[in-house]
Amino acid sequence: MSSSDDDIPLVKGRANGVKSQDRIPKSVDKAMDKGRPSNGHVDPGVSIRMGPVEEMDVDTPVANGHVNGKRKARNSTTNGKSYKEASSSEDDDKPLSKRRRTLQAAKAHVESDSELSDEPLAHRPRPAVKKPPKATAAQIGESSDSDTPLGAKLAKEKAQIEKAAEKEAKAIRKEEKKAAGSKRRSKVNSDSEDDVPLAKKKKPAASAKKTNGVKDEDSDVPLSRKAQAPKKTKVKVEASAPAKKSNAKAKKEEETEQDREAEEEEEQYKWWEDPTKGDGTKKWTTLEHAGVVFPPDYEPLPSSVKMRYDGVPVSLHKDAEEVAGFYGSMLNSTHNVENPTFNKNFFEDFKKILDKTGHGKDKNGNTVKIEKFEKCDFKPIFEHFEAERTKKKAMSAAEKKALKAAKEDAEAPYMHCMWDGRKQKVGNFRVEPPGLFRGRGEHPKTGKVKQRVQPEQITINIGKEAKIPEPPEGHHWKEVKHDQEGTWLAMWQENINGAYKYVMLAANSDIKGQSDYKKFEKARELKKHIDRIREDYRRELKSEVMADRQRATAIYLIDQFALRAGNEKGEDEADTVGCCSLKYQHITLRPPNTVIFDFLGKDSIRFYDEVEVDQQVFKNLKIFKKPPKTTDDDIFDRLTTSALNKHLGSYMQGLTAKVFRTYNASWTMAKLLREMKSTGSIAEKVKDYNDANRKVAILCNHKRTVAAGHAGQIEKMEEKINGLRYQQWRVKQMMLDIDPKQKKKRGAEYFERPEDLDGEWVKEHQAALVEEQRQKIRKKFEKDNEKLVAEGQKEMKAKELEERLKVADELEKKFKHENKTGKVEAEGKGPTIEKMEANLEKLTQRIETMKVQKDDKDNNKEVALGTSKINYIDPRLTVVFSKKFNVPIERFFSKTLREKFDWAIQSVDEDWEF
DNA sequence: CGACTATACTCAGTCTGGAGGTC
DNA sequence: CGACCTCCAGACTGAGTATAGTC
């Protein structure tokens with residue numbers, strides 16, 4: 001078969017990158033099947049050596065570089081054709097016996113492939129997954145069944161997850177136990193807030209809602225009329241006449257009353273039941289809003305606070321000083337301040353400002369030229385900001401509250417807008433303040449100065465009829481638009497990356513709800529097509545056309561492992577990848593069919609996973625990594641995200657790579673919730689839910705940074721456990737003290753101290769216990785003294801303290817004695833073997849629960865549940881679960897989430913299915 | 001190019017668990 | 001002695017933010 005380059009559009013070539021040839025010669029497939037070395041060369045990048053190679057890592061990039069140097073050089077100068085010739089001739093050279101083997105291997109593949117595609121496609125098990133050395137990569141779902149080779153490992157992970165859940169359960173049990181008592185109070189509190197219809201709420205925040213209720217009255221009024229609804233005027237008054245605040249406030253109160261009643265009787269507007277909603281591109285008919293809130297102007301530092309250059313305090317122009325302040329205020333953020341790129345970028349921009357505004361002046365007015373970053377000392381500025389911060393922190397609660405209230409008052413007009421006559425919350429109405437850009441990961445632009453956004457940069461989007469928000473005095477907007485196809489209220493471009501920033505509505509707004517709803521409906525629709533899609537990509541995994549085979553392989557990865565699409569990225573962005581942008585070094589192949597992913601994904605979060613894949617996929621990846629490709633070459637060099645998405649779109653309107661993530665996440669959650677038993681306390685059910693949530697989070701690789709004190713916390717818990725184990729040993733020794741015959745009865749081993757609690761540890765532990773007791777006694781002594789003084793009595797003398805401290809001395813002595821004699825005297829009155837056994841049992845229990853808690857905590861340290869809950873799990877699943885198992889929705893959704901998912905909460909009953 | 005979703009981080013505020021105290 | 005209360009540091013949560021993706 002002759003391949004023609006013409007019938008395959010060149011998709012993604014890199015300037016001097018390496019590209020796969022368009023067609024995949026049969027011989028290559030065969031060679032891959034068999035893993036035959038070409039000409040006896042060891043070629044780790046492509047083939048598998050014959051013989052006992054299975055355990056070997058076939059394509060360590062490093063090894064490739066070495067072993068393969070020569071071939072690479074040759075191949076890189078030739079094109080795909082030579083590759084084909086080479087491999088086919090190699091193939092033909094083979095002795096017959098080898099050929100036969102090739103055939104068998106190929107046959108085996110066919111069989112396994114057909115087996116796979118015959119399988120009921122609906123949600124067949126995920127390929128088994130192996131735990132990464134670090135972190136989270138349990139794959140979820142059916143793959144955890146132990147019929148897969150790696151099932152055991154998965155089961156282990158599952159167990160860990162379960163353990164994690166137990167902690168929650170425990171907490172809940174406790175809570176329920178307490179429920180009768182003090183707990184009730186807080187429960188009632190939250191109930192009154194959570195369960196009572198909004199109209200009943202008295203909090204000021206609720207008033208917004210209530211007003212909303214009023215608007216809702218006219219929700220059945222034709223849109224055009226709504227625009228003219230009288231409420232509109234009211235908003236205008238509020239927005240433009242802050243002077244009348246007190247008046248307005250009184251009015252508000254009044255309204256609140258009415259609203260309350262209104263809301264009780266009035267149906268709120270349910271867009272999800274409105275057939276006219278959500279189709280077409282026109283997003284609104286009328287739109288009114290107050291624009292944006294600018295950050296406060298820069299306040300120059302007090303004249304006593306100056307940065308130092310080469311030890312000399314220098315006065316800067318206020319613009320330069322502001323930039324110095326950006327840096328100075330974050331000296332405690334070592335992560336940034338110790339990053340050379342950050343410092344370099346900052347200093348470049350800082351110098352630019354200095355060149356513009358003039359350099360610093362010393363106290364005599366002489367110019368100080370700032371040229372070396374190393375000579376800059378921002379500490380005085382840092383200390384100034386720190387002092388401010390502590391001052392702020394030290395403010396009384398009342399002061400803080402007043403400050404907050406004032407801010408809220410000032411911002412009130414911007415908080416909401418009128419969207420087709422309904423009051424809607426605005427999301428980010430505050431213009432981002434200037435500062436230093438904090439790109440994530442190794443972002444080449446991190447540390448650059450993010451400039452203050454001027455009104456002249458801001459475009460306003462608003463209804464034609466509406467009053468245009470006033471720009472700040474002496475300024476004007478860049479532009480005022482009336483784009484009804486946009487959902488944004490204001491927009492500007494940021495100076496670092498030229499990215500567009502939008503002011504949009506809050507997550508609980510109708511428009512966002514609608515698109516959220518659509519997103520999940522789209523994912524549900526994918527259910528209808530998924531079988532066909534999977535069938536197709538399985539077939540195309542063997543396509544002779546390189547582009548198709550790559551596409552099929554990519555879809556496989558996206559479907560199975562929830563990878564992101566992976567758009568191309570520029571030079572001036574952090575070097576992160578998704579599926580289509582995976583590079584040679586991000587995938588390691590380990591025969592027979594394990595793929596190891598290790599790359600930085602979105603936000604430079606590491607994706608590490610060892611997974612077993614379809615034989616054909618394994619083979620394909622081998623082909624895609626074949627030399628001359630090497631480090632930094634694209635694996636999918638014939639594929640782009642747009643080609644991929646275009647293809648997906650042919651299956652279903654609007655189907656793109658990201659839909660698979662939503663689909664798989666929600667589908668997994670649905671399955672897990674379906675399997676859940678309805679028994680147990682509320683707390684246990686919540687824990688079960690969170691476990692399922694956790695699995696989805698792991699699937700999506702949602703991580704969080706490990707909390708600063710985590711290691712310490714774990715260590716503390718370990719020490720506590722060890723303390724208990726030591727105590728356990730002591731109790732056993734007490735048994736011997738009571739009845740020496742026990743040694744024979746139970747065997748000497750029973751009384752041995754655990755090995756890890758060696759002599760040194762014991763001494764340290766004992767010392768710690770003694771010291772702890774001393775501290776306690778001292779503290780108590782001081783406190784008692786304070787009390788005495790407060791009561792006007794004399795405080796106790798130091799002698800009393802010494803007296804009291806004797807208890808600790810006793811303890812110390814006791815330990816010493818124990819160490820010396822190797823015996824422990826039985827404690828407690830009337831000690832018996834039975835009592836000791838009971839003690840032992842108690843200790844064992846405590847140790848067990850602590851261990852569970854510890855493991856749970858450790859396993860959970862870098863899994864973030866929130867992201868999947870907010871973005872991937874269809875909220876209706878949660879609502880169904882809540883209804884079916886009778887757990888209040890508040891246990892799953894916070895107040896804001898309940899608002900965001902109102903459409904879900906109100907629209908489903910317990911029979912709903914994803 | 002532009003507009004939208006998705007993401008982790010930050011910080012303030014809330015909650016918890018354990019120690020000590022009281023009855 | 002144990003049931004319960006109080007206090008407080010430290011852990012955890014939630015809302016907000018701005019960055020990083022997708023299409």
Side-chain angles (χ1 to χ4, degrees), chain A residues 171 174-175 178 181-183 186 189-190 281 283 333 335 389 392-393 397 400-401 404 427-433 435 437-441 443 445-446 450 459 461 483 485-488 491 493-494 496-502 504-507 511-512 515-516 518-519 564-569 573-574 576-578 580-581 600-605 640-642 644-646 648-649 654-659 661-662 700-705 707-710 712-713 716 720 772 776 779-780 783-784 787 853 857 860 862 864-868 870-872 893-897 899-900:
Chain A
K174 190 162 182 187
E175 170 189 304
K178 264 163 57 182
S182 67
K183 178 75 197 174
S186 70
N189 261 344
S190 75
T281 49
K283 307 291 193 339
S333 171
H335 168 71
R389 262 169 49 122
K392 217 171 171 185
K393 244 186 188 164
K400 277 188 201 167
K401 221 171 158 184
K404 206 174 153 193
N428 53 329
F429 52 84
R430 267 164 269 195
V431 173
E432 290 172 15
F437 177 73
R438 284 143 112 147
R440 298 173 194 155
H443 199 295
K445 292 189 176 177
T446 190
K450 194 169 112 168
T459 304
N461 193 32
D483 178 4
E485 293 185 5
T487 68
W488 51 277
M491 183 260 281
Q493 226 170 340
E494 147 262 16
I496 308 276
N497 299 299
Y500 294 87
K501 300 285 191 161
Y502 295 89
M504 291 188 196
L505 298 199
I511 190 69
K512 291 282 187 190
S515 75
D516 215 26
K518 272 198 221 152
K519 174 181 77 184
R564 293 190 182 83
N567 280 312
E568 283 292 300
K569 295 193 72 183
E573 290 174 281
T576 61
V577 297
C580 294
S581 45
L600 297 183
K602 181 174 178 176
D603 292 318
S604 292
I605 296 294
T640 60
T641 51
S642 49
L644 178 84
N645 284 332
K646 201 176 156 206
L648 290 175
L655 181 61
T656 60
K658 92 191 254 291
V659 181
R661 253 167 99 80
T662 316
C700 295
N701 201 40
H702 290 144
K703 296 201 193 167
R704 56 175 178 171
T705 51
H710 178 81
Q713 286 169 27
K716 243 189 213 162
K720 232 173 190 171
E772 198 183 337
K776 258 185 213 166
K779 223 172 166 183
K780 171 114 170 54
K783 226 176 167 185
D784 285 354
K787 213 168 163 187
Q853 269 181 35
K857 195 180 181 120
N860 237 344
E862 50 178 16
L865 301 192
T867 310
S868 50
I870 293 168
N871 298 301
Y872 287 104
F893 291 154
S894 68
K895 181 166 152 277
T896 37
L897 274 193
E899 286 171 12
K900 165 172 167 147

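Order of the sequence lines fixes the chain letters, A, B, ..., with proteins taken first and strands second; residue numbering starts at 1 for each chain. Computed from a predicted model, the values in this text were never measured in an experiment. These numbers come from the heavy atoms of this one structure, side chains and all, not from hydrogens, waters or symmetry mates.
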Q) Does A/Q713 make a side-chain N or O approach to OP1 or OP2 of C/dG10 shorter than 4.0 Å? A) no

* Would you call A/H443 and A/N497 a side-chain contact if the rule is heavy atoms closer than 4.5 Å? -> yes

Nearest heavy-atom contact between A/K512 and A/L505 is CE-O, 3.4 Å

Whole-Å distance, A/N860 CG to C/dA11 C1', equals 14 Å

Shortest non-hydrogen pair, A/D516 vs A/K900, comes out as OD2-CE, 3.5 Å

When you check the phosphate oxygens OP1 and OP2 of B/dA8, does a side-chain N or O of A/T867 lie under 4.0 Å from one of them?
-> yes

Indicate whether OP1 or OP2 belonging to B/dT7 is found under 4.0 Å from a side-chain N or O atom of A/R661. yes

Between CE of A/M504 and C1' of C/dG16 the distance, given in whole Å, is 17 Å

Between A/E432 and A/E494, is any pair of side-chain heavy atoms under 4.5 Å apart? no

Review point. For B/dT7, does OP1 or OP2 lie under 4.0 Å from any side-chain N or O of A/Y872?
Key: yes

Whole-Å distance, A/N428 CG to B/dT7 P, equals 18 Å

Ranking B/dT7, B/dG18, C/dC12 by distance to the side chain of A/K720, first place goes to B/dG18

Is there a side chain to side chain contact (heavy atoms under 4.5 Å, CB included) between A/K450 and A/R438? Walk through the geometry before answering. CA-CA 9 Å; A/K450 194 169 112 168; A/R438 284 143 112 147; over 6 Å; no

Flag side-chain contact, heavy atom, 4.5 Å: A/T640 against A/E568 | no

Ranking B/dC4, B/dA8, B/dT5 by distance to the side chain of A/S515, first place goes to B/dT5

Each nucleotide of nucleotides 18-23 of chain C classed B (base within 4.0 Å of a protein heavy atom), S (only sugar-phosphate) or -, in 5' to 3' order, makes BBBSBB

Tell me what A/E485 touches on the nucleic acid: a base, only sugar-phosphate, or nothing, going by heavy atoms under 4.0 Å. sugar-phosphate

How would you label the contact of A/I870 with the nucleic acid (heavy atoms, under 4.0 Å): base, sugar-phosphate, or nothing?
nothing

A/L600 atom CG is separated from B/dA8 atom C1', nearest whole Å, by 14 Å

Judged by nearest nucleotide, the residue sitting upstream toward the 5' end of DNA chain B, A/R704 or A/W488, is A/W488

The residue, A/G709 or A/T896, whose nearest nucleotide of DNA chain C is more 5′ is A/G709

Between A/D483 and A/W488 the two heavy atoms that sit nearest each other are OD2-NE1, 4.4 Å

Using a 4.0 Å heavy-atom cut-off, does A/S642 contact any base of the nucleic acid, only the sugar-phosphate backbone, or nothing at all?
nothing

Check your understanding: Mind checking whether A/L644 and A/C580 have side chains closer than 4.5 Å, heavy atoms only?
Key -> yes

Assert: residue with more 5' nearest nucleotide on DNA chain B, out of A/E772 and A/K900, is A/K900

Against the side chain of A/S894, the closest entry in B/dC4, C/dG14, B/dT7 is C/dG14

Check your understanding: Looking at A/K283, does any N or O in its side chain come under 4.0 Å of the phosphate oxygens OP1/OP2 on B/dA3?
Key -> no

note: A/E862, atom CD; B/dT7, atom C1'; distance rounded to Å ~ 16 Å

> Any side-chain N or O of A/K404 under 4.0 Å from OP1/OP2 of B/dA12?
Replying inline: no

To the nearest angstrom, the OH-C1' distance between A/Y502 and C/dT17 comes to 18 Å

